[in-house]
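Protein chains get the first letters and strands the later ones, always in sequence-line order, with residue 1 at the start of each.
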Amino acid sequence: QVSELVQFLLVKDQKKIPIKRADMLKNVIREYRDAYSEIVNRAGKTLQEVFGLQLVEIDSKRHTYILINNLPRVEGKYLCRDEEKEKMGLLLIILSFIFMKGNSVKDSALWEFLHLLRVYPGKQHQVFGDVRKLVTEEFVRQKYLEITPIPLTDPQEFKYQWGPRSEKEISKKDVLNAVAKIQGKDPTFWSSQYSEAEA
Amino acid sequence: ENREAMLNSRSNRLTEALEEANALFDGVCRAREAALDAQFLVLASNIGKEKANELHSEMSAFDSTAFAEDLLTFMGINRTEETDDLEDDGPGGFLPRDAWKRMGEEALKYFKRAPVFHYMLGSFKSEPPVPKQRIERQKKASRGKAEQAMPAQLKKMEESHQEATEKEVERILRILQTHFENDPNTPISFFDFVIDPNSFARTVENMFHVSFLIRDGLARIKLDEDELPIIEPTKPSGAGEEDSRAGARNQVIIRLDQREWK
């Protein structure tokens with residue numbers, strides 16, 4: 001049962017959409033419901049020991065899980081499809097923008113910023129295609145971004161924040177370091193972001 | 001419009017806009033225009049509030065425009081002197097094809113992202129190489145087969161030769177043996193045995209086959225009282241070894257031409 005669950009989780013993780021406990025129960029655990037937590041625990045252990053992956057619950061109310069990489073970072077090229085790479089590049093930029101601007105930004109602010117990088121919501125992008133869809137749907141479904149409507153705004157405006165997957169997969173310190181590297185400055189240049197990142 | 005630009009603490013756009021509105025209001029004489037003016041004031045005060053918020057913001061000033069420019073540099077933009085808008089390229093430069101890939105490679109270093117799981121067998125990624133191997137193998141296989149077909153064919157012919165010979169030899173041995181079984185103490189005249197009264201060629205063939213039997217020690221040729229050769233099958237095993245050795249030492253040349261045969 002444990003190995004079945006491990007396989008199930010690995011396959012489900014391909015789309016990077018969080019895995020629901022209900023799905024786990026329905027597809028793998030089924031009649032062994034009572035042993036559920038034991039099975040999940042053991043599966044988590046296997047994932048860690050065999051694959052170096054961590055099974056993390058990102059929503060304790062709705063019981064959804066994601067897999068993250070628990071191995072120490074290595075120098076050198078990462079084995080990854082180009083498409084994936086490019087999306088992660090865009091994502092990092094968005095997350096950086098959000099953090100540096102105080103952890104929450106308005107949609108208009110973000111898109112105005114992306115304009116500067118030749119990324120337009122209404123226009124088909126050479127690399128990303130329908131960027132608006134990628135950002136507002138795919139990234140949100142994967143829990144990298146969280147988009148919530150701002151009350152009392154007309155026309156409706158939204159605020160963009162880091163999603164729970166981002167919180168687990170990357171740290172504020174990492175992001176600040178990335179920004180610093182790109183801008184050729186020391187991370188302490190932005191003192192308040194620095195103190196928040198170090199906290 | 002350009003909300004972000006107005007929010008920029010360094011910009012006076014908001015003040016300018018307000019001043020412009022003030023000036024415009026002097027020319028207002030219709031209710032609708034007054035309503036528009038009121039709407040504008042609401043917007044302006046909202047922006048003013050946000051601007052105030054930004055000032056009190058915990059974050060140190062972050063210049064997103066500078067960040068964007070540094071990003072473009074990082075991605076490898078080729079900055080040109082011209083400011084013409086060339087198709088997809090914005091003013092100020094040309095982004096290379098791998099710009100976002102470059103960005104992504106850097107980004108991957110920061111994420112603790114679980115690699116996407118693929119089955120080693122039959123995953124989409126490995127599909128292209130597999131047909132290639134198959135093609136190569138097929139080529140090799142078909143080539144091998146062709147080559148093999150040749151020697152196989154030749155082999156077959158040879159075998160059939162050999163087989164035919166062996167069969168004949170066996171047949172003759174059996175005949176010899178049967179004869180001896182029936183009449184154990186009368187060796188057969190060699191000539192009686194091999195000569196085919198109807199065919200010279202057959203006769204020669206028979207002699208040819210008999211020579212095999214002699215060579216293999218399965219039969220023996222002796223000279224009888226009349227100095228005519230007689231043939232008899234050898235007894236299996238036991239004395240066989242010695243006999244075959246002895247037999248091998250003797251070479252007999254028999255000349256037979258058609259006239260004699262007749």
For this session: Take atom NZ of A:Lys15 as the centre, draw a 6.0 Å sphere, and report whether it contains more than 12 heavy atoms from other residues, nucleotides or ligands.
Result: no
Problem set entry | A:Glu137, CD: over 12 other non-hydrogen atoms inside 6.0 angstrom | yes
For this session: List for me each residue that meets side chain to side chain donor-acceptor pair (under 3.5 Å) alongside A:Tyr194, sequence neighbours excluded, and say none if there are none.
Result: none
Problem set entry | B:Lys112 to A:Ile68 - nearest heavy-atom pair and separation | O-CB, 3.5 Å
Exercise. Considering only heavy atoms, which portion of A:Leu53 lies under 4.5 Å from any heavy atom of chain B: side chain, backbone, both, or neither?
Worked result: side chain
Exercise. Do the side chains of B:Phe111 and A:Leu95 get nearer than 4.5 Å, heavy atoms only?
Worked result: yes
Seminar exercise, completed: Between A:Lys101 and B:Phe62, the two heavy atoms sitting closest are NZ-O, 3.8 Å
Problem set entry | Top contributor to chain B interface from A:Phe128, A:Phe189, A:Phe51 [non-hydrogen pairs under 4.5 Å] | A:Phe128
For this session: Could you tell me which portion of A:Lys181 (side chain, backbone, both or neither) has an atom closer than 4.5 angstrom to a non-hydrogen atom of chain B?
Result: side chain
Exercise. At a heavy-atom separation under 4.5 Å, does A:Lys87 approach chain B through its side chain, its backbone, both, or neither?
Worked result: neither
For this session: Kindly write out the residues that satisfy side chain to side chain donor-acceptor pair (under 3.5 Å) with A:Tyr160, not counting sequence neighbours, or none if the list is empty.
Result: A:Trp111
Seminar exercise, completed: So CZ of B:Phe67 and CG of A:Leu116: to nearest 0.5 Å the spacing works out to 11.5 Å
Exercise. In Å and rounded to the nearest 0.5 Å, what is the CD to CG distance from A:Gln183 to B:Asp63?
Worked result: 7.5 Å
Seminar exercise, completed: When rounded to the nearest 0.5 Å, the distance separating CD1 of A:Ile93 from CG of B:Leu71 is 4.5 Å
Exercise. Is there a side-chain contact between A:Ile182 and B:Met103 (heavy atoms, below 4.5 Å)?
Worked result: yes
Problem set entry | Minimal non-hydrogen separation, A:Phe97 against B:Ser64, with atom names | CE1-CB, 3.6 Å
Exercise. Does A:Lys16 use its side chain to pair, donor to acceptor, with the backbone of B:Ala114 at less than 3.5 Å?
Worked result: yes
Problem set entry | Salt bridge flag under 4.0 Å for residues B:Arg113 and A:Glu169 | no
For this session: Supply the atom-to-atom distance A:Lys85 NZ to B:Lys101 NZ, rounded to the nearest 0.5 angstrom.
Result: 5.5 Å
Exercise. Rounded to the nearest 0.5 Å, how far apart are CD1 of B:Ile77 and CZ of A:Arg118?
Worked result: 4.0 Å
Problem set entry | Residue selection (most heavy-atom pairs with chain B, distance under 4.5 Å) from A:Asp13, A:Val127, A:Leu91, A:Asp82 | A:Asp82
For this session: Under 4.5 Å heavy-atom distance to chain A, tell me which part of B:Phe74 shows up: side chain, backbone, both or neither.
Result: side chain
Problem set entry | Structural part of A:Leu90 lying under 4.5 Å from a heavy atom of chain B | both
Problem set entry | Side chain / backbone / both / neither for A:Val105 at chain B, heavy atoms under 4.5 Å | neither
Exercise. Counting heavy atoms not belonging to B:Arg102, are there more than 12 under 6.0 Å from its CZ?
Worked result: yes
Exercise. Which bit of B:Ala99 is near chain A, if near means a heavy-atom gap under 4.5 Å: side chain, backbone, both or neither?
Worked result: neither
For this session: Answer yes or no: does atom CZ of A:Arg62 have more than 12 heavy-atom neighbours from other residues, nucleotides or ligands under 6.0 Å?
Result: no
For this session: Considering non-hydrogen atoms only, spot the tightest contact between B:Ala68 and A:Phe113 and give its length.
Result: CB-CE1, 3.8 Å
